[in-house]
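Have a look at the structure below before the remarks.
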Amino acid sequence: MEGLHFETTNQARFESTGVRWMEEEVFLEHKDAADWVYRGEGAANLVLAYTGSSPFFVGKVMRIRKAARNKTARVRSPTALSTHERLLWRDIDDIVSSHNKEIAAQLYVQRVMSPLLGPKHVDAGMRVHVSREFLESAEKNVIYQRPAWRVDAAKVDMQCDSTLLITDHSLFGGLKGEPCISVEIKPKCGFLPFSKFISEGNAIKRSISRFRMHQTLKLRQGEVSKLSKYNPLDLFSKSKDRIHKAISDLFTTPQNNFRVFLNGSLIFGGLGGGADSTNFVISEAFEDALKSVIRADNGLRTRNFLQLVSETVYKSGVLDRLLEVQKLDNLDIEGAVHAYYDIISESCPVCRELGGDEVSHIYTSLHSISLDERLKIVKDFLTAATAKDCSLMVSFRPREDKGSGSSYNKVYLESANQNFEYKVSFIDLDLKPLKKMEKYYELDKKIVNCYTQMLETDQEVDEATSMEAYTTIKDSI
């Protein structure tokens, strides 16, 4: 890496900000971009994997922030957060005083999400300096691997002066040549809301999962071509059978919620977008790719692998902790949005929209609480939103000796008579902007309206079909 430039260690920066920088600060330049390849992306970040030989970067992936194409360039601010966001996170000094969003986001993972989900399962990462030329070259190198709609929506944010390095959880590490297979799952929201602030017209939310309803909207908007079979309530059920059903359904209709990596290379699922369903060709290719990891006859390897994932999710219990964090949202957006408007000192448009004395009375209590209570409601909601949007990485490596003496957890796959070591990690633990509360509320309305319209349409079709059948029978008599 000709462009790699090392600066003197600055330990004082860690002590004053709490942010981990590389022990020897590295400045990535134009030529270094060739060592980073496209791994995938979400709404906010591009993810690149390292393919070079520097020990500093082996086993790491890089998250580079994206900027929407339809937005004007942001103006640099002395702090990363808005005035109201600094009020919201005022009990965590480092986040409040952060001078850019990347550092604030890293500190959020370190100070908020890691204690909630467990440090064992969370890597807050470390920052590395990058030049504008590095970012430009990296973007150019990967643009043709990105889904077209992702390219149209966002580009690399050229105002960044550093990026985040985190452990590449698609690799297990350890002995060279040992196979490692990893699965990335987006669990989504694992419970039905129970808030008393859910309006009568939206009562369907208490009986149908948010994911299932959102699928209907995505289908209508052309974001997916087929409804997913997956139900998050199965995955979070603590039932072996239902967890296995959830994993099997994710495999059948992965979309962007299920991906598999072998030794760091994607072998199943979409890169930056998603694969709506798994056809025969994809299934056969995946079955073949499992040869080096799963000992089983042809036609049985995929079934055994899905059983391995299901067994590990059940055994690890890691989703119980994630569900606890998701349930910090105990008022639903229909309740939390009222606290939000009080925090930003705006007249509540939701109350105006709903109208009526009875409705107003329901929300009076939310507009009468103290500032500290309002802040807690919104902070808990946004933290829960992070937990609903994150991904779970489960990595495996086969062991002949049952892994005795190893610090990793073990799981036995009875159907293949194999032992595996595994590790479980949470990724994509993004800090949600306070302003997003308004979008959450509007999206919630769209999702529920779309789903209820679908139900009404289906009922009308059923009634019309029944009437037609009745008429046909009557005419034949």
Side-chain angles (χ1 to χ4, degrees), residues 80-96 104-105 107-109 111-117 188-203 205-206 209-210 214 236 321-356 358-390 429-448:
L81 307 183
S82 68
T83 301
H84 293 117
E85 285 174 327
R86 292 200 298 275
L87 178 64
L88 187 70
W89 299 105
R90 63 185 181 181
D91 55 337
I92 308 176
D93 292 339
D94 291 344
I95 293 180
V96 171
L107 285 167
Y108 171 75
V109 174
R111 302 293 172 84
V112 179
M113 298 309 299
S114 182
L116 288 171
L117 296 173
K188 300 298 184 178
C189 182
F191 71 99
L192 296 173
F194 43 83
S195 170
K196 66 179 181 181
F197 298 108
I198 295 173
S199 66
E200 239 178 82
N202 294 339
K205 294 196 315 192
R206 294 194 178 98
S209 73
R210 161 69 172 242
H214 200 174
F236 286 87
R321 200 153 183 176
L322 182 65
L323 187 61
E324 284 181 26
V325 183
Q326 290 185 355
K327 285 185 175 180
L328 288 174
D329 168 22
N330 55 10
L331 299 188
D332 191 74
I333 186 60
E334 292 188 55
V337 72
H338 296 274
Y340 161 73
Y341 280 111
D342 283 343
I343 288 171
I344 64 172
S345 303
E346 282 189 19
S347 174
C348 182
V350 177
C351 286
R352 289 200 305 272
E353 174 192 318
L354 294 171
E358 186 179 340
V359 172
S360 297
H361 176 71
I362 294 172
Y363 300 108
T364 300
S365 59
L366 287 173
H367 290 291
S368 305
I369 59 179
S370 68
L371 175 61
D372 284 348
E373 289 173 302
R374 292 169 189 161
L375 291 171
K376 185 179 187 312
I377 287 170
V378 174
K379 190 161 58 173
D380 283 351
F381 180 89
L382 292 175
T383 303
T386 297
K388 293 173 189 177
D389 286 346
C390 76
L429 299 167
D430 298 322
L431 171 62
K432 304 298 182 183
L434 176 61
K435 187 75 175 171
K436 206 167 181 182
M437 291 291 293
E438 297 169 31
K439 290 184 179 177
Y440 284 135
Y441 181 73
E442 291 304 318
L443 178 61
D444 188 70
K445 283 200 300 184
K446 282 183 184 176
I447 289 171
V448 175

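For residues 322-334, the salt bridge (charged side-chain N to carboxylate O under 4.0 Å, His left out) pairs, not counting sequence neighbours, are K205-D332, K205-E334, D329-K388.
The backbone N or O of F191 sits nowhere less than 3.5 Å from a side-chain atom of R210 that would complete a donor-acceptor pair.
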Could you walk me through whether F236 and L322 satisfy the side chain to side chain contact (heavy atoms under 4.5 Å, CB included) test, starting with their C-alpha distance in whole Å, then the side-chain angles of each, then the deciding distance to 0.1 Å, before giving a yes or no? CA-CA 9 Å; F236 286 87; L322 182 65; 3.9 Å; yes
Could you please spell out the steps behind the side chain to side chain contact (heavy atoms under 4.5 Å, CB included) verdict for F381 and N330? CA-CA 8 Å; F381 180 89; N330 55 10; over 6 Å; no
List the steps and the verdict of salt bridge (charged side-chain N to carboxylate O under 4.0 Å, His left out) for K439 and E442. CA-CA 5 Å; K439 290 184 179 177; E442 291 304 318; over 6 Å; no
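Atom NZ of K446 sits in a sparse spot, with 12 or fewer heavy atoms from other residues, nucleotides or ligands closer than 6.0 Å.
L366 has its side chain within reach of I377: a pair of non-hydrogen atoms, C-beta onward, lies under 4.5 Å apart. With contacts defined as side-chain heavy-atom distances shorter than 4.5 Å, the pair Y341/P349 qualifies. In this structure, L431 and L81 have side chains that are in contact, with non-hydrogen atoms separated by less than 4.5 Å. Between S82 and L87, the closest side-chain pair of non-hydrogen atoms is not below 4.5 Å. Within the 4.5 Å cutoff, the side chain of I362 has no heavy atoms near those of the L354 side chain. With contacts defined as side-chain heavy-atom distances shorter than 4.5 Å, the pair V350/Y363 does not qualify. Between T386 and D430, every side-chain heavy-atom pair lies at or beyond the 4.5 Å cut-off. A 4.5 Å side-chain heavy-atom check between L331 and K196 finds every atom pair outside the cut-off.
The pair D91-K376 fails the salt-bridge criterion, with no side-chain N (NZ, NE, NH1 or NH2) lying under 4.0 Å from an Asp/Glu carboxylate O. Here D372 pairs with R90 in a salt bridge; the nearest charged N to carboxylate O distance falls below 4.0 Å.
Note: H84 NE2 to I343 CD1 = 8.5 Å, rounded to the nearest 0.5 Å. Separating the SG atom in C390 from the CE atom in M113 is a distance of 6.5 Å, to the nearest 0.5 Å. Distance check: D93 CG to R86 CZ gives 13.0 Å after rounding to the nearest 0.5 Å. With rounding to the nearest 0.5 Å, the separation of SG in C189 from CD in Q326 is 5.0 Å. Atom OH in Y340 sits 11.0 Å away from atom CG in L88 (nearest 0.5 Å). Rounding to the nearest 0.5 angstrom, the gap separating the CG atom in L434 from the OG1 atom in T83 is 11.0 Å.
For R321, the side chain to side chain contact (heavy atoms under 4.5 Å, CB included) criterion is met by no residue, not counting sequence neighbours. Taking the ring-ring contact (aromatic ring centres under 6.0 Å, His included) definition, one finds that H367 meets it with H338, sequence neighbours left out.
Here the shortest heavy-atom pairing between D389 and K432 reads OD2-NZ, 3.0 Å. The minimum heavy-atom distance between W89 and I95, with the atom names listed, is CB-CG2, 4.3 Å.
Side-chain contact annotation: S199 with N202, donor-acceptor N/O pair under 3.5 Å present.
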